[in-house]
Structures are given as structure tokens and as C-alpha cells.
2 protein chains.
Amino acid sequence: MSISGARGTVTMHDVAARAGVSVKTVSNVVNDYPHIRPATREKVQRAIDDLGYKMNLSARSLRQGRTGIIGLALPELSLPYFAELADSVIRAAEARGVVVLIEQTGADRQHELDVLTSDRRQLTDGLIFSPLELGPDDADALKVDYPLVVLGERIFGGDWDHVTMNNVDAARAATQHLIDQGRRRIAVIGAHAGETMGSAALRVLGYQAALAANGIPLDPDLIVEGGLWHRATGAECVAHLVDSGVEFDAIFGLNDALALGALHALHARDITVPKDVAMIGFDDIEDASYTSPTLSSISPGREEIAQEAVDLLLARIAGGEDPYRRVIADFTVMPRESSGA
Amino acid sequence: MSISGARGTVTMHDVAARAGVSVKTVSNVVNDYPHIRPATREKVQRAIDDLGYKMNLSARSLRQGRTGIIGLALPELSLPYFAELADSVIRAAEARGVVVLIEQTGADRQHELDVLTSDRRQLTDGLIFSPLELGPDDADALKVDYPLVVLGERIFGGDWDHVTMNNVDAARAATQHLIDQGRRRIAVIGAHAGETMGSAALRVLGYQAALAANGIPLDPDLIVEGGLWHRATGAECVAHLVDSGVEFDAIFGLNDALALGALHALHARDITVPKDVAMIGFDDIEDASYTSPTLSSISPGREEIAQEAVDLLLARIAGGEDPYRRVIADFTVMPRESSGA
DNA sequence: CTGTTAGCGCGTTCAA
DNA sequence: TTGAACGCGCTAACAG
């Protein structure tokens, strides 16, 4: 019998010996197996407490073939949207008894591919994957042999669940919101040239649809490219717009970080929001409620996305064989000061 | 021999059989054991590739008593400072070949205690712990039998490493910066009554020291309580200040989130920053560079903190027996528009 | 309701 | 330089 204080030294056998039962009984107790005599349970529990026994989770994982860990791969936690998403995912996972291992891909294509085949996948029972660079052409890379839930754009052709939002409709609603405030020269910042299926492309599509629906001509000069959706990029886009001399009376930031950077750049140029330029973002990060002026945005239902993703993943891990699903989270327009609503 | 494509089915035995060697040799190859004949190594590597072998990390963990996972316990990722810290910790860990399991304590005292004794500690080789509620009285709870690095305030009396910053000096510098701009009625928001050793208490101490050093009388009405250091709290503090009728010409937000909320509340009341009220925050989150006006702050050397914490933890995990260390990260005053510097 | 036993896949002796 | 055998701590069969 080992009664050392060293870590991981106390095993089920020690507990069993002290309680005068078999290891199986100890196992039953710690796993809340239903049919145990109260006296036995208590005896075992006392032995556990006395010895300070903690189950060796590696051994359990080896035996069960499951770790109780799910992976979450996202671009980076410094981006507020992903930090808030991770927060929600961790909460949802905790409520369901699993923990979360976060991997940052840095919005790097190779890194996104690596994460799918990394050794670490052996450590997780499944993966919630939020790709930024991968697209429909990479469907093959996503054909993995473990449970996978893809967040964001839909990538066709494989055995995985999706949790997405309707980017086109949401972007259309955002643009319509600006139009409803009487704006007609609406710039959009953060576009990705050449992309056809990513968030950027879909949101630009929604933007164009809204213009068309209102008979507003599309001016290509109002569509500003911007690679990484960081605040700095938003500021650069505004610099570009202003320097180019294009007239504009509103800006649709393809995400909030871009919009925050844009707000900053406008302010630096003494361009008043919303008087001179109205603005709306996308994601409804917490910041949006605290900027000056507060930032109108699209709330993508982050909490719902996180919970659905965790639920879908756990169902697959549990062996669910249902057809692969696509969950489309609801969005909401959040009018705030920046759009003058 | 199993050549199924099912997950985790290929073992070292399968690889050994295909390569015509023993498992020991395969193990040597995958662990980069130095003395292997090139031909053997190549043979084994080919078998690994052919079979798509991935090592079972649970088995390795069981055998070695180490998982290659470190825990990171922090209040919540929705707080930008902690999101950025987590980002840095994950990067530092990745560079050193380990992964990070994040647990959110929600700044709840019981949750902070639980995290220290949770079963999940069996899953991690050590823990980087950033407590908010625990203080010197809880030193006993921190006496754990696994490697531990404590971030933030120093908690005396146990076997663990600290990575802290000089809160008093940094707060003094922040306050001095406001004084240097000619401000004399400096409010501080986010104070915690009754606390003696936490960040709040130490920073208020630095604030008081700066006033004293400049012969400015201390007005208790300028010290505003605020529990959670969220944006909403900052806004409430300003509401309280304004409603109380106290005169003030500057605000020191004990962290940036408070300062952001305060900026928002001032703006809503048409109080101009920095003309009417100068402001400085603490943490230098990315937001601080993008608000309107940009927010002066104290940069706590987040990157340095993260790297030191990971290094210290890994040294302990590796069995380092050096005396427990206290690393004090450097801070920098970041003057921006909000303080009118 | 509880005990016995046989692996899960790996690293690590000890030999050869 | 490589091979054979054992056991890390646990759970799942199967008894009883």
C-alpha cells in the first residue's frame, strides 16, 4: 500500500485494499455506477478521501479510447470574436463534462491544414474547427477519421457537421440598415479578391444584393480589399478610401475589428460618425457596445453557435450516426449610434 | 495485423511487423533515439507512412506519467487582457512542444479553489494560474503536489514560482503621468474595499503614493469601488462619480476594460476626453490603440509574462529543483490621446 | 451487488 | 544496435 504524498501514487488498488473491496467496486463508485450498496459506497468514499485518491485519467483514456478533451482550432484569441467564441465553447463544454484544448492557426493556410493531421488529434476526441483560409478546394483535407465540426463557411463534400450563419442574408440586412438611414454611397471594407466562398465573398455578395434591391448602382471603388480582419486593416482601408478621393457616406465593416479600426481612422481625420459617415460592423463583439460612438453590428448568435457545435461534436463522439447536419444560427441587426438609427 | 482505416487502430506492433523489426525499434525511431542504423530508420519510417501510424498519446502518457499538456486557469477569455495573455501562453507553449488546456474560473472564488484540486489536474503536467479572488489567506490551497506557476499578485508561503509585475510602481507611474499633464483631481475607478494584497489594492497604493509625492491631498470620494473589472463596471463608476457631484479632471482606470467603459460613459455625458477629463488605463490591450480618443495605458509586458511562466513551469515539470523564483516583468507607460500627452 | 482477470498501447528494463 | 517481456492504472467481460 502506498500512502506517499507524491503525485499519482495512489491507485485504485490502494483504495480497494484500504476499503476492503475489489478494484471493480472502486471503479463502480467513482463512475457513479447505479447499483452499489450505500454502505459499500461510503466505505469506498472514505478510503478515497483518506488516501487523497485521484483517478489517473491517462489510464482511463487508454482503456476507453477517449480522453474527454475536445479540440478547438481557431485563428487567434487576440481577435475579440474568437476570444468570445472560445469563452462560449469552453462554457458549453464544461457544462457537458469535457474540457477544451485550443490551437491557434494564425489564419495561416498551412497551419490550418496541419491542425487537422497533427499528433494532437490523438489527444482529443474530436475537433471544432474554425478555418479562415481553407475553402471548398480543401474538402479532401477535411476528410478525417475523427469527429469534426466545421464552423463558418460551408465546405461541401465530406462527413462532418457544419455550424454556420447566413452570411449573405446577414450582410444584406446590414447594408439595408445603412440604406434605411438614407445612405447611398456605402463602402465595404475587408473584401478578399478572388475568394468565392469565404465569409468575405459571401458578405460582399449580400452587400451587392442589398444595393441591387434598392436600385443603387454598384461602384467597385467602394469595395476595399483587406486581408486580415484586424483593427489595423480597418484603419488602412479608411486611409485608402479617403486618399482615393472616392465619395462615401457609410461603411460596412465585414467584421467589427475592421469597423473599430475604421472608426479610429475616421476620428483621426475629423470625419464624424454617423453624421458624415454611418457605420455598421459584423460580429457584435462586446466592444461594439462601448466605442464612441457605439458600433452598430450584426449579432451572429455566438452562444448558439458554440452550444450547437459542442452538442454536434459530442453526439458524433458518442457514436451518433445521424446524417451530417448543417445548423444555421440566427443573426440579429443591432442598431447603435454609429449608424444613426 | 490491422490495416483498417479506423482511428487509432494502427499500433507500434503493426508498424514493427510491417517493417520486420521489434516494437522497441519503432519506439526508438519515433522518439528520435540517436543510435539507429539509417537503413532501419528508413524502413520503419516507410512502414509508419504506409500504415498512417499515429502514436497513441494516452498510452504514452500512462507509461511516462506525463501528458504534454499544461493547464492555464484564468478568469475569462471575454476579458481582452486574458484573451491576449492566453494567446501569448499558447504561442509560447507551442514553441516548446506542449499544448494548453484553458479553464475559466469566472473570477469566482470557489471556482478558483476547485481548479486547483480538480480531476483535470491529472490531465495536465502543471498549471499556470491567474487568480483574481484568491489572496494571501489562501496560501494553503495553493500547496499542491504538481508544478504551479502563479500569475499576478504574490501569494506568500508555498512552493511555487511567481510571475508578477510591480503593480505599485506601475500605478504610481500611471498616476504621475496624469499629474504631469497638470491634473490634480484624479479619480481612480475599480477599487476593491477590504482587499489588501490584490491588484486593486496595490494599484490604489501606487495611486496614493503618487499623490503624496506631489503634495496632492487624497480625497476618498475620488476612489470609486468596482467589483468586476469589466467595461460595464467602468461605465457605472463614471455614473457614480458624476452623480455624486465630485469634481474630477482625470481618471485612472485600474484596468483598460474599466477605462473603456469610462470613456464610453463620459462620451455619453458630453464630457470630453482629454480636455475635460484625462484618462489612463492599465494593461495596454489592443483596443487601447483604437478607441476614440486612443487610451493611454500601462503595458505590463504580457509577452514576457507568458514566456517566463511557460519556461518556469516546464522547468519544474522537467524536475528542476531550483529555489522558487519570482519574476517581475517590466512595465511601460504608453501615453496616448486620452491623457493629452 | 461484487470479485477476477485480461488487455488498452506504450516505454523500459534486461539480454543478446 | 535490437528483441522479448513486463507493467503503467484503468475498465469491460464474465462469473458468482
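All of these numbers come straight from a predicted model, not from anything done at the bench. In the text below, chain A, chain B and the rest are named by the order of the sequence lines, each starting its count at 1.
In this structure, a donor-acceptor pair under 3.5 Å is present between the side chains of A:Ser88 and A:Glu303.
The distance from atom CG of A:Leu123 to atom C1' of C:dC10 is 14 Å, rounded to the nearest whole Å. Rounded to whole Å, the distance from CG on A:Asn31 to C1' on D:dT11 is 8 Å. Here the P atom of nucleotide C:dC1 and the CZ atom of A:Arg41 are 11 Å apart, to the nearest Å. For the pair B:Arg60 CZ and D:dG7 C1', the interatomic distance rounds to 18 Å; values are reported in whole Å. Summarising the geometry, the separation between CD on A:Gln122 and C1' on C:dG9 is reported as 10 Å, rounded to the nearest angstrom. Across the protein-nucleic acid pair, A:Leu51 atom CG and D:dG9 atom C1' stand 15 Å apart, rounded to whole Å. At whole-Å resolution of the value, NZ in B:Lys54 and C1' in C:dC8 are 20 Å apart. Put simply, CG on B:Asp32 is 15 Å from P on D:dT1, counting in whole angstrom units.
The side chain of A:Gln64 lies closest to D:dA12 when the candidates are C:dC8, C:dG3, D:dA12. Of the listed nucleotides (C:dG3, C:dG9, D:dT11), C:dG3 has the atom at the smallest distance from the side chain of A:Lys24. When the nucleotides D:dT1, D:dC10, D:dG3 are ranked by their closest atom to the side chain of B:Arg37, D:dT1 comes out on top. Closest contact between the side chain of A:Met12 and the listed nucleotides D:dT11, C:dC10, D:dT1 involves D:dT11. Side-chain proximity of B:Asn28 to the nucleotides C:dT4, D:dT2, D:dC10 is greatest for D:dT2. For B:Tyr53, taking side-chain heavy atoms from C-beta onward, the closest of the listed nucleotides D:dT11, C:dT13, C:dC10 is C:dC10.
At a cut-off of 3.5 angstrom, the base of C:dG9 holds no donor-acceptor pair with the side chain of B:Arg63.
Inter-residue side-chain proximity for A:Ile70 and A:Ile128 is flagged as met; some heavy-atom pair is nearer than 4.5 Å. Side chains of B:Ile90 and B:Ile102 form a contact here, defined as non-hydrogen atoms less than 4.5 Å apart. Between B:Thr105 and B:Leu132, the closest side-chain pair of non-hydrogen atoms is not below 4.5 Å.
Toward the 5' end of DNA chain D, the nearer of the two residues A:Ala59 and B:Gly20, judged by each one's closest nucleotide, is B:Gly20. Judged by closest nucleotide on DNA chain C, A:Tyr33 is the one of A:His13 and A:Tyr33 placed further toward the 5' end.
If you check every strand for non-hydrogen atoms under 4.0 Å, A:Thr40 touches sugar and phosphate atoms only. Using a 4.0 Å heavy-atom cutoff across all strands shown, A:Ile36 reaches sugar-phosphate atoms only and no base atom.
The phosphate of D:dG3 (OP1 or OP2) has a side-chain N or O of B:Thr25 nearer than 4.0 angstrom. Side-chain nitrogen and oxygen atoms of A:Thr11 include none within less than 4.0 Å of the OP1 or OP2 phosphate oxygen of D:dG9.
Residues A:Val10 and A:Tyr53 approach most closely at O-CD1, 3.3 Å, considering heavy atoms.
If you run side-chain contact (heavy atoms from CB on, under 4.5 Å) between A:Val30 and each of A:Ile48, A:Val44, A:Thr25, only A:Ile48 comes through.
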